[in-house]
Number of protein chains: 4
Amino acid sequence: MSELRIGVVGAGLMGADHIIRIQNRINGAIVTAVVEPDEGRAKSAMENAPAAKWYPNVEAAIADKAMDAVLIATPGQFHEPVLLPALAAGLPILCEKPLTPDAASSLRMVEAEVATGKQFIQVGFMRRFDAGYENLRSLISSKDQGELLGLHCAHRNPSVPESYHNDMLIFDSVVHEIDVVRFLTDSPIETVEVKHMKRNSNNHSGFSDPILVLLKTKSEVLATVEMNVSVKFGYEVKTEAVFENGIAEIGRTSGMTTWFNGQISTQEHMSFKTRFAAAYDSQIQRWVTATKQGKIDGPSAWDGYLAAAAVEAGVKALNTGTLQNVEYAAKPDFYK
Amino acid sequence: MSELRIGVVGAGLMGADHIIRIQNRINGAIVTAVVEPDEGRAKSAMENAPAAKWYPNVEAAIADKAMDAVLIATPGQFHEPVLLPALAAGLPILCEKPLTPDAASSLRMVEAEVATGKQFIQVGFMRRFDAGYENLRSLISSKDQGELLGLHCAHRNPSVPESYHNDMLIFDSVVHEIDVVRFLTDSPIETVEVKHMKRNSNNHSGFSDPILVLLKTKSEVLATVEMNVSVKFGYEVKTEAVFENGIAEIGRTSGMTTWFNGQISTQEHMSFKTRFAAAYDSQIQRWVTATKQGKIDGPSAWDGYLAAAAVEAGVKALNTGTLQNVEYAAKPDFYK
Amino acid sequence: MSELRIGVVGAGLMGADHIIRIQNRINGAIVTAVVEPDEGRAKSAMENAPAAKWYPNVEAAIADKAMDAVLIATPGQFHEPVLLPALAAGLPILCEKPLTPDAASSLRMVEAEVATGKQFIQVGFMRRFDAGYENLRSLISSKDQGELLGLHCAHRNPSVPESYHNDMLIFDSVVHEIDVVRFLTDSPIETVEVKHMKRNSNNHSGFSDPILVLLKTKSEVLATVEMNVSVKFGYEVKTEAVFENGIAEIGRTSGMTTWFNGQISTQEHMSFKTRFAAAYDSQIQRWVTATKQGKIDGPSAWDGYLAAAAVEAGVKALNTGTLQNVEYAAKPDFYK
Amino acid sequence: MSELRIGVVGAGLMGADHIIRIQNRINGAIVTAVVEPDEGRAKSAMENAPAAKWYPNVEAAIADKAMDAVLIATPGQFHEPVLLPALAAGLPILCEKPLTPDAASSLRMVEAEVATGKQFIQVGFMRRFDAGYENLRSLISSKDQGELLGLHCAHRNPSVPESYHNDMLIFDSVVHEIDVVRFLTDSPIETVEVKHMKRNSNNHSGFSDPILVLLKTKSEVLATVEMNVSVKFGYEVKTEAVFENGIAEIGRTSGMTTWFNGQISTQEHMSFKTRFAAAYDSQIQRWVTATKQGKIDGPSAWDGYLAAAAVEAGVKALNTGTLQNVEYAAKPDFYK
Ligand SMILES: [Mg+2]
Ligand SMILES: [Mg+2]
Ligand SMILES: [Mg+2]
Ligand SMILES: [Mg+2]
């Protein structure tokens, strides 16, 4: 199958990051267009996308048939003027969250998509792809520990830029929990309420954070969200789920910790396939990349020989019960 | 840049797994040849490699110019007859561990490679690509906690197939620690000794495991390796490093746990870029794959609208200090 | 100094437990009176207090000069009629929480104590004596991580008896957090609000739990308290503290876990004195108890000999670098 | 029952510590004699034992009938001359480890005790009283996870005094594992072997540590002991037990961590009785001590009143669903 030709709209931080991702880590896709009014920014991002062409606006890229699909990475207020022509052109779209900044404009996008008769738009709520949230959602829908009763979420940032302002606490940050609470519970959010914790003096932008947001779903699950953008220690996103019979937490360990039946547990691997999945992927990806440059990027034949010599001594040690010295040939200059 | 055309030699468990990996997760590479004497096994694996052609032996694939590079995934005793023609053909090679089963044959491979004047061979010691081992190696070479004094390794499998036999404890399993101990210490292993723990009656193959292997490097680091292939609970590979001033452990948590200066610590994220790296990659990869099939595979525009409506209520709740109800339009049948 | 003679008022669950504690684990005190209208219950508890005499009411015990101090372990509504005569008699009092069930009666107790001119009453908010809360309070007052901004508390019980009813969520259970939030913040609670999580069907008493209680202190710290009395998995009491620069949590590990400067940490011991403090205490206490019964309760001289023999071999192994067999004399029947 | 009158022999670090323990935390015992040739050291320790009398040697204390039982806290080489007269006098003895420094003298002690016809001697291997070791021993004898196959022990000290020398690695430090390995396995140690890790340059005493001691029991359990006395980070004593079906570790968390059936688990409390056992004990002990001094040492009646006022508001908040302000009376000067 040929490569999917992607046009990335917006070459700021997120756009530039997505370009690197598609070029270096995503299989079966290639960046062929960068849509960005600022030519300097576009050209800088395009250093990581040798096959891409620059377009100042999405209409020009569409007219040029420059892409099979669109990834929108501009700020939310600029999504609508990209979404509409892309939908009109019948292009699949991955649109960074939020879809648009308010409900009325989002509903217009929904209506525009419905009018095409096909689902073209996917929204970039990437938490749904995080293993922790996936595990937690499965646990909730399994009802293994009874009904879900509540969620305690925390979203903590070490700091935010000067440009970050009060309402962004909700529309830029809590929006993730707003999506994920519904994703986890499969029930719409019915009420929202905001409480203030004591103000953090690290926040130099004048507004008051952290806040505590109370979300209640139609299914009566109460979710508390601590939204905290100035807490220097690090970046933490976690959710503790309260079931009728137990507790589960994600985001603090890899995977999930559970409090069930008097035991606090995390899951152990059962095979090297999961334990070393990332290592295998990384090994092959780095080898592919190095090979294209006429190099290797990992253990050499000499490493293989050294291991073979020690293994041979090891087998002898195993079979004789005695200490074995390992003898090695001299290392060729070639490997130095 | 065009795709690297890979010939996979051996379509058993590991080979079939690598084919899926290259097709689905590795960027910039494609499987174009499957070299495997057993036609049925080859054809079965090739279901995941639509662009691949079957060859009964590596010479045929080379003659056909079927590949730019070779990935060898046969058992170790069959590596030499593949390595030699591939080297002769000037093909880059990723060779699953071990390079070959004994020191004499491994040294022949080294000599054959040296004779070509270029490094073509990389050996598949994939642990070097595991984040834990990478972190630990950096810590050791930094000498932040003084010299490394010893390593306590454990390699635990729930069970092994009937065909697994005594010497494989060393050449198939401990071989990983043999490579990684040298990788971590940058010093060759000088002596090997094997002790027996009490025999595990879960082991139905007649030999005695678990064993304790003592490896001593030239740099005087003593490594203990518990090799345990019958301990039902799960699959665990871990290493505890003893420094002059502290302790570090990998393989039990993601990343590394340290015992330094009276504190037991793991590292926290400092940015969403690391916290959600895997989620972003997974999101884009699944979207690319779905898009090629004319679908989406993630949150829809309707999800985007629902979030926008709740965000709007949330901003109002923030600014008024009151509880806000969230109102939604009716869900179009289109999204049901 | 002679033993403090304690009168325990109430021989129900808590009272009986305190009697055992004072007799078996508390140094310098002895139970000399059990005040309890139910004679059977009194006599049953007195099996663990051989020096105690039974009194049907506190006035009788006071008249008999039966005690130097009073420990009140009856339900809260019966505290006032014990507190007043004990205060009048000038007896030191440890009064289980709550002091009394409502503010007006508590204020009367305060006024009665003030009138005596001396502090006789201590209230049994035992969380203040928990190492976790002590550590957290020190951290808060140190301001090492900036100001405290908020607290997330959870108090989870596997189940409660049928007699437990709705208001007890607050006056019997949340009362602990009400005290401890003030203890931690050194600031009075100014507002209280209660939200409901989805109802737990494990709760067969008809009321709705879990609840979320929002406490705001005068110092503007917001504390959330999940009060959950039907969550089968176990008994958990934890508090997560949100500071300007970091996070600390108590109640999940022994001691405290901190999220500071990109590190998630717990404290390591620095000496055997803390690592084995409880073991030393337990050893001596059990030896004292056994000695009074003409027995030992721990390793015997024979154990001491066996260790000496192995140590001797070990020193030889250390000094020769060889494997040493350990030889033992035959075990005397005496130790069998 | 009257207090057990204990004579403490040796008023060095350990002896002085035991005196404080018996006076302040041990129920039913009192220090009535301090046996110590160094009068200054004796008098200093006796500041914590107001009822004790000083004796320069044990014979004098015995002649004076100064004690009901003896606690020996001198170095091991001085135990025999105290043990023999104490045995002759028929006094119960708690003897700090080791019983004596070598096997021959230990066997003499055993024979002397056997000759009395009664067990008078208990040896101070206090690890047997540690909750972790107790849990692990129960798990081993239950055979719930199959047979025990091996043990990995580590005993790590931040540093040792200048006077600490090579053989003390075994007779002073590893002696604990020598006892506890037999305690855990109920099988004598048959062979001992010592390996060296790389030397720690923190060790200024000239000998080489850390060492790895291999202990093999008659039951074929192999125990590895890392003995490490110069590793600055802290004090850690841990044991990892390898069973046929799983793994258990003690000494890193409170209690025990297990790797069973694909789950990594620690035990949760099921009741406040275990969760707050130490807090209850501490509360009562501190109250008893304060009461004897005419004080309280914990929450006052005023704290009780403040809680009652907030509880009252909380119950109202629960029953009305509204935010409640808490009103307080003015604080009497009396409590300031
Ligand atoms: Mg790509
Ligand atoms: Mg590929
Ligand atoms: Mg007592
Ligand atoms: Mg005492």
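Within every chain, numbering begins at 1; the chains are lettered A, B, ... in the order of the sequence lines, protein sequences first and strands thereafter. Keep in mind it's a predicted model, so treat the numbers as computed, not measured. The figures that follow rest on heavy atoms only: side chains count, while hydrogens, waters and symmetry mates do not.
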Hey, which of [options] has the most heavy atom pairs under 4.5 Å with chain D?
{"options": "C/I121, C/L94, C/L99", "value": "C/L94"}
{"options": "C/L306, C/T320, C/N157", "value": "C/L306"}
{"options": "C/N166, C/L71, C/D179", "value": "C/N166"}

Practice item. Count the heavy atoms belonging to other residues, nucleotides or ligands that lie under 6.0 Å from NZ of D/K232, then report whether that count exceeds 12. Key: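 At most 12 heavy atoms, drawn from other residues, nucleotides or ligands, come within 6.0 Å of this atom.
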
Is it true that the side chains of [X] and [Y] contain a donor and an acceptor less than 3.5 Å apart?
{"X": "C/E113", "Y": "D/Y305", "answer": "no"}
{"X": "D/T266", "Y": "D/T253", "answer": "no"}
{"X": "C/Q293", "Y": "C/T291", "answer": "no"}
{"X": "D/H155", "Y": "D/E236", "answer": "no"}
{"X": "D/T100", "Y": "D/H79", "answer": "no"}

For [X], which atoms come within 4.5 Å of any heavy atom of chain C: side chain, backbone, both, or neither?
{"X": "D/E134", "value": "side chain"}
{"X": "D/A307", "value": "both"}
{"X": "D/E190", "value": "backbone"}
{"X": "D/K216", "value": "neither"}

Top contributor to chain C contacts, counting heavy-atom pairs under 4.5 Å, from [options]:
{"options": "D/V315, D/D333, D/I6", "answer": "D/V315"}
{"options": "D/T274, D/I93, D/L83, D/L215", "answer": "D/I93"}
{"options": "D/A308, D/S282, D/P299, D/A301", "answer": "D/P299"}
{"options": "D/Y280, D/F125, D/F171", "answer": "D/Y280"}
{"options": "D/F334, D/Y328, D/F120", "answer": "D/F334"}
{"options": "D/A313, D/A69, D/S300", "answer": "D/S300"}

Review point. Can you name the nearest heavy-atom pair linking C/V288 to D/N27, along with the distance?
Key: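 Heavy atoms of C/V288 and D/N27 come nearest at CG1-O, 3.9 Å.
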
**Study point:** Nearest non-hydrogen partners of C/A310 and D/I178, listed with the distance
**Key:**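 Reported closest heavy-atom pair: CB-CG2, 3.6 Å.
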
Pick one of side chain, backbone, both or neither for [X], based on which atoms fall under 4.5 Å of a heavy atom in chain D.
{"X": "C/E312", "answer": "side chain"}
{"X": "C/V174", "answer": "neither"}
{"X": "C/M14", "answer": "side chain"}

Exercise for review: Give a yes or no on whether a salt bridge exists between D/E193 and D/K195, defined as a side-chain N under 4.0 angstrom from a carboxylate O.
Suggested key: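 A salt bridge links D/E193 with D/K195.
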
Point to revise | Parallel, tilted or perpendicular, as decided by the 30° and 60° cut-offs, for the rings of D/F276 and C/Y133 | key: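 C/Y133 vs D/F276 ring planes: parallel.
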
